[in-house]
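The structure appears right after this line, and notes come after that.
Numbers restart at 1 for each chain; the letters A, B, ... are given by sequence-line order, proteins then strands. Quantities reported herein were computed from a predicted structural model and do not represent experimental measurements.
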Number of protein chains: 2
Amino acid sequence: MPERSTRAMIVEKADTLFYEGGFEATSFADIAAVVGISRGNFYHHFKTKDDILDAVIARRIEQTRGMLALWEAEGDGPRARILSFIRMLIANRAKIMAFGCPVGTLCSELAKLDHGAQGRAAEILGLFRDWLAGQFRALGAGDRAEALALHVLSWSQGVAVMASAFRDETFLHSEVAGIEAWLSTVPDPAPLT
Amino acid sequence: MPERSTRAMIVEKADTLFYEGGFEATSFADIAAVVGISRGNFYHHFKTKDDILDAVIARRIEQTRGMLALWEAEGDGPRARILSFIRMLIANRAKIMAFGCPVGTLCSELAKLDHGAQGRAAEILGLFRDWLAGQFRALGAGDRAEALALHVLSWSQGVAVMASAFRDETFLHSEVAGIEAWLSTVPDPAPLT
DNA sequence: GTCTATATTTGGATAGAC
DNA sequence: GTCTATCCAAATATAGAC
């Protein structure tokens, strides 16, 4: 087994290119060039572009599961775990200001392309939603846990869109502070907000 | 002057196709087919695809200005005017669930394409931001008016992304209700939220 | 598994007749 | 202003040698 298979390299580089340049705009030639293989060799590993997309989404699902498991193990209580999620916006701010959220922008693009993989891409958001809902339940949010989870997810998506549209890091920081302030009022926030 | 010029038809149809299918994925052939003209004729009106994009963005800017002016004239006070903005999410829910927000998704796509027109697309969001800030100032929000405007804009962008990712109309309605509840607390909301 | 070469299609763009 | 015909480049995909 090599240190990293060609197939794994293709998926890894395709993931980055799809994020930074979009799925539709990324060609096989682009991926082959970055991986350092010929276009012909490419087809030995993947028959169609959709196959690569499937592999990229599968990879992202796995990485998301891994990250959530890590936060689950590391976080000191549900509130701190939710903060781990929110602070992704800060940790990845440079990329988010340049390219938006990897998951949100992929879902948006696939929706327009009417692409069959849109549902699988949305599953990644579903992982975050379910994990966040679990944390809110642990905070005592009860029936409102899922709504609160969707709210946090939605809020972070909005911040990502706006931060990339305006390239505004100040806005990003102030909204993250706003989410944190809101979180400190859960499970009993004034309006739903 | 014809009832509607070919050029205007091209811009109108391109606007729809760019929204529903994305800029990159929409070809000249697609636009020509919908307009009902030959590809050759196309180039009599626009030299490049970027020229069409410029015209589409200019059209959207004009339409946005017109809509804001209408809300300004019709709305009964700043709070009702802000509600006009928020309720776009409800009025356009079918298209938003299918294709997201026309402006947010265009900005996201152009950011990934590293396209020069990204800034002009973001100007449309800027129009909403400035208009909303004016309404919040009229509500007595003072220095916080622009931050509140960005917050509403960001919130609606998040709702659009999530509603299209999950095709979830219930979520869309409940978040709109949440924005309205929050708005009723402005200019003195508990946290920034 | 990897390469070169090539087939096929599509997309952006032009020339010139009507 | 509109059309047909055409060019060129790029993209997906395949065949077959090494």
Discussion item. For the NE2 atom of B/His44 and the CZ atom of B/Phe46, what is their distance to the nearest 0.5 Å?
Written reply: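 Between atom NE2 of B/His44 and atom CZ of B/Phe46 there are 11.0 Å.
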
Discussion item. As an exercise, state the distance from CD1 of B/Ile179 to CH2 of B/Trp182, rounded to the nearest 0.5 Å.
Written reply: 8.5 Å

Discussion item. Measuring only between side-chain heavy atoms, which start at C-beta, is A/Ile52 closer than 4.5 Å to A/Phe18?
Written reply: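 Counting from C-beta outward, A/Ile52 and A/Phe18 do come under 4.5 Å.
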
Fill in: Length of the line joining A/Met9:CE and C/dG1:P, which is rounded to integer Å
15 Å

Item to complete: Rounded off to whole Å, could you give me the CD1-to-C1' distance for the A/Ile31 and D/dT12 pair?
Response: 12 Å

Discussion item. Protein within reach of the bases, or only the backbone? For nucleotides 11-18 of chain C, mark each nucleotide 5' to 3' as B, S or -, using heavy atoms under 4.0 Å.
Written reply: SBBB----

Worksheet item: Partners of B/Thr16 by side-chain hydrogen bond (donor to acceptor under 3.5 Å, both in side chains), sequence neighbours excluded?
Response: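 Here no residue qualifies.
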
Discussion item. Does D/dG1 have OP1 or OP2 under 4.0 Å away from a side-chain N or O of B/His44?
Written reply: yes

Worksheet item: If only side-chain N and O atoms of A/His45 are considered, is one of them under 4.0 Å from the OP1 or OP2 phosphate oxygen of C/dT2?
Response: yes

Fill in: Listed partners of B/Cys101 passing side-chain contact (heavy atoms from CB on, under 4.5 Å), at least two apart
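Partners of B/Cys101 by the side-chain contact (heavy atoms from CB on, under 4.5 Å) criterion, ordered by chain and then number, come out as B/Val103, B/Gln157, B/Ala160.
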
Worksheet, complete the sentence: Computed from five pairs at either end and rounded to 10 degrees, the angle between the axes of the helix from C/dG1-D/dC18 to C/dC18-D/dG1 is 0°

Worksheet item: Who pairs with A/Arg129 by salt bridge (Lys or Arg N to Asp or Glu O under 4.0 Å), at least two apart in sequence or on another chain?
Response: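 A/Arg129 satisfies salt bridge (Lys or Arg N to Asp or Glu O under 4.0 Å) with no residue once adjacent residues are dropped.
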
Response to the item:
Taken in chain and number order and not counting sequence neighbours, the residues that satisfy salt bridge (Lys or Arg N to Asp or Glu O under 4.0 Å) with A/Arg93 are A/Glu169

Worksheet entry | The single option from A/Ile82, A/Leu148, A/Val152 passing side-chain contact (heavy atoms from CB on, under 4.5 Å) against A/Val186 | A/Leu148

